[in-house]
Amino acid sequence: MIKVAPSVLSADFTRFYDAIKMLEAAGADYIHCDVMDGMFVPNITFGPYMIRDMRKATKLTLDVHLMVQAPERYVEAFAEAGADIIVVHEEATTHLDRTLQMIRAAGKKCGVALNPHTPLSVLEYVLDGLDQVLLMSVNPGFGGQSFLPYSLDKARALKAMIDARGLDIDIEMDGGIGLHNVAEVAAAGVNVLVAGNAVFCAPDPAEVIRRLKLGK
Ligand code: DX5
Ligand code: ZN
């Protein structure tokens with residue numbers, strides 16, 4: 001089963017409520033929330049207050065992608081704000097295991113995100129405790145970038161790693177995903193699709209979400 005996680009990074013920031021209601025009606029599974037700090041990535045978006053208010057507006061799963069240096073400083077704030085899944089970048093936190101423990105202690109699902117160049121080997125010892133791995137298929141910071149084709153090899157390798165251990169971990173891919181490449185991405189083992197521009201720039205976002213979920 002493929003889940004679709006539209007990224008509100010591509011929404012009109014003055015009309016978030018409308019975007020949330022549109023995504024609910026369109027059958028989105030998660031709302032992907034891209035938190036950027038202007039340090040880990042060269043862009044700035046929003047923080048825990050936005051998640052708090054989104055939480056009031058929807059029951060959909062809030063999938064919070066922290067593109068923040070030293071995310072451990074904010075895990076508690078995002079957990080209290082109402083995030084359901086908290087995803088931190090391996091490259092951004094010195095003590096990844098401790099950061100993951102913080103997320104679990106807060107009662108949230110935990111995920112690790114990897115930049116395109118980061119090898120899967122960094123997951124070796126933490127994989128078993130994860131709910132989700134997010135593979136970046138663009139360099140993080142902006143919506144609307146082109147998909148990096150080698151991400152498909154990485155997804156296949158991650159799927160093999162997860163299956164070899166008999167684990168049940170979602171593989172999420174983020175960046176440059178749309179109807180043009182969904183079939184390949186799904187075939188590579190990805191089961192949570194993040195889509196920003198493909199959903200929000202479409203004339204019929206519900207149709208795009210429906211087709212992404214079908215994986216074709
Ligand atoms: C990029 C973000 C993505 C982005 C995806 O740094 O993490 O979630 O918004 O946008 P599209 O689907 O337009 O590449
Ligand atoms: Zn993201």
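When a ligand or atom number is given, it counts from 1 through the structure's own listing order.
- Ion pairing between a basic and an acidic side chain is recognised when a charged N comes within 4.0 Å of a carboxylate O; Lys109 and Asp84 show no such pairing.
- Put simply, the residue from Leu193, Val192, Val185, Ile162 that forms a side-chain contact (heavy atoms from CB on, under 4.5 Å) with Ile171 is Ile162.
- Screening the protein for N, O or S atoms under 2.8 Å from the Zn ion (ligand 2) yields 4; no waters enter the count.
- Salt-bridge formation is detected for the pair Lys56/Asp53: a Lys NZ or Arg NE/NH1/NH2 atom is positioned less than 4.0 Å from an Asp or Glu carboxylate oxygen.
- In summary, Glu124 and Arg165 engage in a salt bridge, as defined by a charged side-chain N under 4.0 Å from a carboxylate O.
- Each of Leu23, Asp12, Leu9 was compared with Phe200 under the side-chain contact (heavy atoms from CB on, under 4.5 Å) criterion, and only Leu23 meets it.
- Salt bridge status for Lys213 with Asp29: present, with a side-chain N to carboxylate O gap under 4.0 Å.
- Listed by chain and number, residues touching ligand 1 at under 4.0 Å (heavy atoms only) are Ser7, Leu9, His32, Asp34, Met36, His65, Met67, Met136, Pro140, Gly141, Phe142, Gly143, Gly144, Asp174, Gly175, Gly176, Val194, Ala195, Gly196, Asn197.
- Taken to the nearest 0.5 Å, the CD1 atom of Ile209 stands 12.5 Å off from the CG atom of Leu214.
- Between His65 and His89, the angle of the ring planes stays under 30°, which puts this pair in the parallel group of the 30/60° scheme.
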Before giving the answer on side chain to side chain donor-acceptor pair (under 3.5 Å), spell out for Glu90 and Asn115 the whole-Å C-alpha distance, their side-chain angles and the decisive distance to 0.1 Å.
CA-CA 8 Å; Glu90 183 275 337; Asn115 281 333; over 6 Å; no
